[in-house]
2 protein chains.
Amino acid sequence: MTYDSALAALADPTRRRVFEQLRTGPKSVGGIARDMPVSRPAVSQHLRVLKEAGLVRDEQDGARRVYSIDPRGLGPLRRWLDQFWDQALDAFKAEVERPTPSPRRRRRS
Amino acid sequence: MTYDSALAALADPTRRRVFEQLRTGPKSVGGIARDMPVSRPAVSQHLRVLKEAGLVRDEQDGARRVYSIDPRGLGPLRRWLDQFWDQALDAFKAEVERPTPSPRRRRRS
DNA sequence: CACTATCGTAAGTCATGACTTACGGTAAGT
DNA sequence: ACTTACCGTAAGTCATGACTTACGATAGTG
């Protein structure tokens, strides 16, 4: 739900690959696992983490279960990153534009 | 350097807290560790990971070592997130607005 | 020089989590 | 009803990594 669970979920490379497979559209569990080097239960577990992080949604379709990206899931992470980016840029700018080299003592040539 | 190392680096809560402490400006290792529940060597190790991910820079200042955020470090992650955001939204939109199975959709926003 | 402050690294411990196989449960086809 | 396809969960294994303490190296101070 928050940006930290999204970060934790997207940190693992395998899980991120699962997530990226949904970028083109909804997909079933078996369809995802077919293009991956891990077992199907592993994919299920990754999807569980992604779902708990609010990044994907699931929908029953007969015997299959179709997963798709929940676009709102990336919102918090995006906002956190943006805010962070702005503040970091400001601090960096202030650091660069500083006229006098340093208020530190000791500088006797 | 790339978005995956940035994701891995920012996934850990403690390391993210170290990173967030630099948001207000440069800080020394001891200064960071003073506001954290872990030891100073732990902070050093976290800073090492952050540095290898290109998220922070370090500068020697006497006996101290001052760390600051490298604004360019968040670039790849931001770009990846944006691209992902757009594509996911398009796929989601096409999925919702589907009166008939539409073939493809190009970017719009 | 002796002493202190600041920091990085090495080594070892320990919990977390990413896999596997095995199993049970539901839906569709014959 | 039987068989097949699809999927989630449980349990167990094993590597990764986040800590700790101990130590050494360097810079400033008296």
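Reminder, nothing fancy here: chain letters follow the sequence lines and each chain counts from 1.
In this structure, the CZ atom of B:Arg17 is 15 Å from the C1' atom of D:dC19, given to the nearest Å. One can place CG of B:Asp58 at 8 Å from P of C:dG8, the figure rounded to the nearest angstrom. The CZ-P distance, from B:Arg40 to D:dA25, rounds to 16 Å in whole Å. A:Lys51 places its NZ atom 14 Å from the P atom of D:dC7, with the value rounded to the nearest Å. Taking atom CG of residue B:Asp61 and atom P of nucleotide C:dA5, one finds them 17 Å apart after rounding to whole Å. Distance, B:Arg48 CZ to C:dA10 P: 8 Å, rounded to whole Å. Distance, A:Arg65 CZ to D:dG8 P: 5 Å, rounded to whole Å. Rounded to a whole Å, the CD atom of A:Gln45 is 15 Å from the P atom of D:dC7.
Between B:His46 and the phosphate of D:dG17, there is no side-chain N or O to OP1/OP2 separation shorter than 4.0 Å. For the pair B:Thr14 and D:dC19, the criterion of a side-chain N or O lying under 4.0 Å from OP1 or OP2 is met. Phosphate proximity of C:dT9 to B:Ser44: absent, as no side-chain N or O sits under 4.0 Å from OP1 or OP2. An OP1 or OP2 oxygen of C:dT20 is reached within less than 4.0 angstrom by a side-chain nitrogen or oxygen of A:Ser39. In terms of phosphate contacts, B:Tyr67 brings no side-chain nitrogen or oxygen within less than 4.0 Å of OP1 or OP2 of C:dT6. A close approach under 4.0 Å does occur between a side-chain nitrogen or oxygen of B:Arg15 and OP1 or OP2 of D:dA18.
Heavy-atom nearest nucleotides on DNA chain D were determined for B:Val49 and for B:Pro41, and the one closer to the 5' end corresponds to B:Val49. Mapping A:Pro37 and B:Gly31 onto DNA chain C by nearest heavy atom places B:Gly31 at the nucleotide closer to the 5' end. For B:Gly30 and A:Ala42, each mapped to the nucleotide of DNA chain C holding its nearest heavy atom, the one lying further toward the 5' end belongs to B:Gly30.
By the 4.5 Å heavy-atom criterion applied to side chains, B:Leu7 and B:Trp80 are counted as neighbours. At least one side-chain heavy atom of A:Gln83 sits less than 4.5 Å from a side-chain heavy atom of B:Arg23. Proximity of B:Val56 to B:Asp70: side-chain heavy atoms (C-beta onward) are nowhere separated by under 4.5 Å. The shortest distance between side-chain heavy atoms of B:Leu47 and B:Val18 falls below 4.5 Å.
A donor-acceptor pair is defined here as one N or O able to donate and one able to accept, closer than 3.5 Å; no such pair exists between the side chain of A:Arg57 and the backbone of A:Ser68.
Checking C:dC7, D:dT9, C:dC19 against the side-chain heavy atoms of A:Asp12 singles out C:dC19 as nearest.
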